[in-house]
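These notes are about the structure you will find just below.
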Amino acid sequence: MKLSHLYFLGHFLASTYATDLGPRKYTLPLPHDGANCQQACEILASEFPGRLHYHDSDANFTIWDQKQLQTVYACRVEPVSSNEVSRVLRVLVNNWCRFAVKCGGHSRFPDDAVSVGGVTIDLGMINSTVVSDDQTTARIGGGSLTRQVFAALDPYGLAYVGGRVGQVGMGGFTLGGGTSVLAGKYGWALDHVLEYEVVLPNATIVTASEDSHPDLYYALRGGGNNYGIVTSFNTGRFLEEAENIFSIQDHDDTNIGLEYRYSYSVRDGWTMSSTQRYAEPVMNPPVFDALNGIPALGNLTGGINSLANSTSFSGPLGITRNLFTTLTHYPSVKLGRKGLEILKSKVEEGNLTSLNPQIITYSIPAATMEMSKARGGNALGLDVKGHLVINLLSLSWTTSSLDDAAYALADDFIADFRKAAKSVNAFHPFVYINYASKGQDVFAGYGKRNQQRLVKIQKAVDPRGVFTSSGLWTGFFKVR
Ligand SMILES: Cc1cc2nc3c(=O)[nH]c(=O)nc-3n(C[C@H](O)[C@H](O)[C@H](O)COP(=O)(O)OP(=O)(O)OC[C@H]3O[C@@H](n4cnc5c(N)ncnc54)[C@H](O)[C@@H]3O)c2cc1C
Ligand SMILES: *[C@@H]1O[C@H](CO)[C@@H](O)[C@H](O)[C@H]1NC(C)=O
Ligand SMILES: *[C@@H]1O[C@H](CO)[C@@H](O)[C@H](O)[C@H]1NC(C)=O
Ligand SMILES: *[C@@H]1O[C@H](CO)[C@@H](O)[C@H](O)[C@H]1NC(C)=O
Ligand SMILES: *[C@@H]1O[C@H](CO)[C@@H](O)[C@H](O)[C@H]1NC(C)=O
Ligand SMILES: *[C@@H]1O[C@H](CO)[C@@H](O)[C@H](O)[C@H]1NC(C)=O
Ligand SMILES: *[C@@H]1O[C@H](CO)[C@@H](O)[C@H](O)[C@H]1NC(C)=O
């Protein structure tokens, strides 16, 4: 698909939400959730009438991943403001009841966004986008979805460095990194947040920016959910041409947005496809000519579109069970090809095509590395000359009997791919949190200095460890 586009991009302010409590010994007993959460839910039910839903009577609740949809929580609460988030957190901590925080709900494990037995704090109602008077920034609710933000900005002729899929939440996307079709030009989303409104572990609401709570500001740029609730061609030439385009993107033409995917389908078997985007309203930009000169199974389709239109689709939720895993490497066409071979052979040996495996590959462009240094820098530790190549293995299936096979395939694939990367000296430790599988050491991949700094800031902001694996907010990836 050729998707051309663009208006201009304003900086933005994410209005996000987090919280904080008195000093206490760092290691806390595991919560006995049952009674604690029952009591917390009762309190919340009286204070948030109509916005507190017990699991058994929450039939309308839906979420992208079937595993998370099947997760049984005690209750789900829908705060509408940072003050309400603060109040909810106070009640949960006072009752020592475990919880999870949901924005767009595109994470993939129980407890990431839907609490296992505890309280799900659903930020979905905190979804306004308010454009500043001078129209250079916007304040975006911590529970907003990509399509809602684009739809709100479009009338102003503004856009945001938002993702490819409209249903993904701005919360998880932006806290973890945020890659987009505009990354060649503007970098990743996390480097465009000027200010975060955060509910700390002690329920205090603070604003973190370069000037206010700068350590917290740094930590929120890549630190995930530890600090607060912040409101396609089957030919080898393909990879060479794609790599050429990635280099052009670094130096000569930042309008380029290219991804390629290697995937299995029952109809076509293993195929290579690409999504070619260009951030100017130009049909068939010549930069893609060489790539498109490769004889193909399918034809180029697409046109000029706006980001708001291209993300407006919202599909059915809760149908598939999903797993992502990821590996980053220095540019190496040889290694890229090896990765595809490893996947194909593992899938075929294991008769695992029903997991619908797909590797999606794109560049972390030079511009991203540059922009990551703005305003004190982010926590990702991405600082190389030129670009890196990011690979996402996505598995998607429909029955729980395949869960174990999926986890095993993901782990085996990464182990072999990593070995191959090291053997050609192209391995890079960065693990993109938004594509990571459980067990991948995301924060170690940021480099020792960033990791240690993140741990230190986490302890300072959360002395009781409420937001840690021994506290109440235990899902997703925890700094350690
Ligand atoms: C179909 C699909 C398309 C995708 N496309 C892209 C893409 O183009 N680019 C890209 O970079 N990534 C992409 N991703 C990955 C995506 O960025 C991550 O899955 C991200 O974590 C999703 O965020 P969410 O808010 O939807 O999910 P959630 O599950 O709601 O949140 C993820 C984690 O972040 C925490 N969190 C969310 N909001 C807040 C908040 N306001 N304050 C504190 N913590 C919060 C949650 O507690 C949770 O642990 C895609 C994923 C999918 C499934
Ligand atoms: C589910 O949504 C429908 C349509 O909006 C509504 O009529 C119904 O009351 C909702 N059910 C519950 C349990 O909230
Ligand atoms: C915010 O979410 C509510 C509830 O899902 C929805 O009705 C409303 O249209 C959303 N607002 C925006 C600005 O998208
Ligand atoms: C691609 O386009 C050509 C020429 O228009 C057409 O003959 C062919 O059937 C198309 N192939 C596919 C797979 O759509
Ligand atoms: C977006 O979609 C609307 C309605 O389908 C259409 O009128 C408009 O021209 C589209 N905008 C762009 C930039 O493609
Ligand atoms: C391969 O998997 C399919 C679907 O899961 C199954 O029907 C088939 O029997 C399997 N074949 C072998 C040789 O295991
Ligand atoms: C809450 O935590 C913050 C950050 O540690 C601290 O600055 C603030 O004083 C605390 N507030 C209260 C009321 O304890």
Side-chain angles (χ1 to χ4, degrees), residues 14-23 63-65 68 78 80 82 85 99-109 111-115 120-130 140-152 161-181 183 188-190 196-206 213 215-216 220 223-231 257 259 311 315 320 322 324 326 360 362 390 392 394 396 432-436 457 459-464 467 473-478:
S15 184
T16 43
Y17 303 90
T19 161
D20 140 279
L21 302 150
I63 190 167
W64 175 69
D65 182 74
Q68 292 217 83
E78 301 177 287
V80 298
S82 48
V85 172
F99 63 93
V101 173
K102 174 184 177 283
C103 177
H106 279 65
S107 47
R108 296 153 297 275
F109 289 89
D111 230 19
D112 278 354
V114 180
S115 180
T120 299
I121 304 179
D122 190 335
L123 302 179
M125 288 186 155
I126 305 175
N127 61 351
S128 65
T129 296
V130 178
I140 295 173
S144 305
L145 305 183
T146 305
R147 62 176 157 77
Q148 296 174 336
V149 175
F150 280 133
V161 277
R164 299 155 177 86
V165 175
Q167 249 157 358
V168 170
M170 297 301 296
F173 174 85
T174 302
L175 282 168
T179 77
S180 75
V181 299
W188 285 13
L190 82 169
Y196 300 82
E197 182 183 59
V198 185
V199 181
L200 298 175
N202 65 5
T204 305
I205 302 169
V206 301
H213 300 281
D215 276 346
L216 181 58
L220 288 166
N225 72 354
N226 292 273
Y227 300 90
I229 308 176
V230 183
T231 35
E259 293 134 54
T311 56
T320 53
N322 306 279
F324 284 4
T326 183
I360 300 166
Y362 55 89
I390 187 162
L392 158 63
S394 159
S396 177
Y432 182 29
I433 191 170
N434 281 340
Y435 291 171
I457 297 169
K459 287 187 178 167
V461 129
D462 184 14
R464 281 179 78 182
F467 290 179
W473 189 6
T474 56
F476 208 56
F477 298 91
K478 294 291 152 180

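Atoms within a ligand are numbered from 1 in the order they appear, just like the ligands themselves.
- Here the closest heavy-atom approach between residue Val461 and residue Tyr227 is recorded as CG1-O, 3.9 Å.
- Distances between N or O atoms of Val168 and those of ligand 1 include no value under 3.5 Å.
- The contact set between ligand 1 and Ala113, taken as ligand atoms under 4.0 Å from a residue heavy atom, comprises 29 (O).
- Every pair tested for salt bridge (charged side-chain N to carboxylate O under 4.0 Å, His left out) that includes a residue from residues 169-179 fails, sequence neighbours excluded, so the list is empty.
- The Ala460 neighbourhood of ligand 7 comprises atoms 5 (O), with distances under 4.0 Å to a heavy atom of that residue.
- Rounding to the nearest 0.5 Å gives a distance of 9.5 Å between CD of Gln167 and OG1 of Thr146.
- Rounding to the nearest 0.5 Å places NZ of Lys102 at 8.5 Å from CG of Leu123.
- Taking distance alone, with nitrogen or oxygen atoms compared against 3.5 Å, Tyr362 stays at or beyond that limit from ligand 1.
- Near Trp64, meaning under 4.0 Å from any of its heavy atoms, are these atoms of ligand 1: 53 (C).
- Residues lining ligand 3 at a heavy-atom distance below 4.0 Å are given as Gly124, Asn127, Gln148, ordered by chain and residue number.
- For Phe477, the heavy-atom gap to ligand 1 stays at 4.0 angstrom or more.
- Considering only heavy atoms from C-beta on, Asp111 comes within 4.5 Å of Thr474 through its side chain.
- Side-chain atoms of Asn434 come within 3.5 Å of backbone atoms of Phe173 as a donor-acceptor pair (strictly under, hydrogens ignored).
- Considering both main-chain and side-chain atoms, Gly172 comes within under 3.5 Å of ligand 1 through a nitrogen or oxygen pair.
- In this structure, a donor-acceptor pair under 3.5 Å is present between the side chains of Thr320 and Asn322.
- For the ligand labelled ligand 1, residue Trp473 lies inside the 4.0 Å heavy-atom shell.
- In Val165, the part holding a heavy atom less than 4.0 Å from any atom of ligand 1 is the side chain.
- At a threshold of 4.5 Å between non-hydrogen side-chain atoms, the residues Asp112 and Asp65 do not count as touching.
- Counting heavy atoms closer than 4.0 Å to ligand 1, residue Trp188 contributes nothing at all.
- The shortest separation from a heavy atom of Gly177 to ligand 1 is not under 4.0 Å, leaving the residue out of contact.
- With a heavy-atom cut-off of 4.0 Å, Leu175 touches ligand 1 through its side chain alone.
- With distances taken over non-hydrogen atoms, the option nearest atom 14 (N) of ligand 1 out of Phe467, Tyr435, Phe173 is Tyr435.
- Side-chain atoms of Arg464 never come within 3.5 Å of backbone atoms of Asp462 as a donor-acceptor pair (strictly under, hydrogens ignored).
- Every atom of ligand 1 is numbered from 1 in the order shown, and the set under 4.0 Å from a heavy atom of Tyr432 is 10 (C), 11 (O), 12 (N).
- Taking CD1 of Ile360 as the reference point, atom CD1 of Ile390 lies at 11.0 Å (rounded to 0.5 Å).
- Taking OG of Ser82 as the reference point, atom CD1 of Ile126 lies at 7.0 Å (rounded to 0.5 Å).
- Atoms of ligand 1 lying under 4.0 Å from at least one heavy atom of Ser107, given by number and element, are 27 (O), 28 (P), 29 (O).
- Contact between Ala113 and Thr120 at its shortest, heavy atoms only, is O-CG2, 3.5 Å.
- Atoms of ligand 1 found under 4.0 Å from any heavy atom of Lys102 (numbered from 1 in listed order, with element): 30 (O).
- Contact atoms of ligand 1 toward Gly178: 11 (O) (distance under 4.0 Å to a heavy atom of the residue).
- Considering backbone and side-chain N/O atoms, Asn225 comes within less than 3.5 Å of an N/O atom of ligand 1.
- Taken to the nearest 0.5 Å, the CG atom of Leu145 stands 6.5 Å off from the SG atom of Cys103.
- With a 4.0 Å heavy-atom cut-off, ligand 1 is reached by the side chain of Leu123 but not by its N, CA, C or O.
- Partner of Thr179 under the side-chain hydrogen bond (donor to acceptor under 3.5 Å, both in side chains) criterion, out of Tyr362, Tyr432, Trp188: Tyr362 alone.
- In terms of N/O distances under 3.5 Å, ligand 1 is approached by Asn434.
- Under the 4.5 Å side-chain criterion, counting only non-hydrogen atoms from C-beta, Tyr196 is not in contact with Leu216.
- Judged by distance alone, the side chains of Gln148 and Thr129 never bring a donor and an acceptor atom under 3.5 Å apart.
- Neither the backbone nor the side chain of Pro463 has a heavy atom within less than 4.0 Å of ligand 7.
- Judged by distance alone, with hydrogens and angles left aside, the side-chain atoms of Gln68 form a donor-acceptor pair with the main-chain N or O of Ser107 at under 3.5 Å.
- Among the atoms of Cys103, some N or O lies under 3.5 angstrom from an N or O of ligand 1.
- To the nearest 0.5 Å, atoms CZ (Phe109) and CZ (Phe477) are separated by 7.0 Å.
- Residue Asp112 approaches ligand 1 through these ligand atoms, each under 4.0 Å from one of its heavy atoms: 46 (C), 47 (O), 48 (C), 49 (O).
- Of all atoms in ligand 1, listed by their number and element, those nearer than 4.0 Å to a heavy atom of Gly105 are 24 (P), 26 (O), 27 (O), 28 (P), 29 (O), 30 (O).
- Only the side chain of Arg108 comes within 4.0 Å of ligand 1, counting heavy atoms alone; its backbone N, CA, C and O stay farther away.
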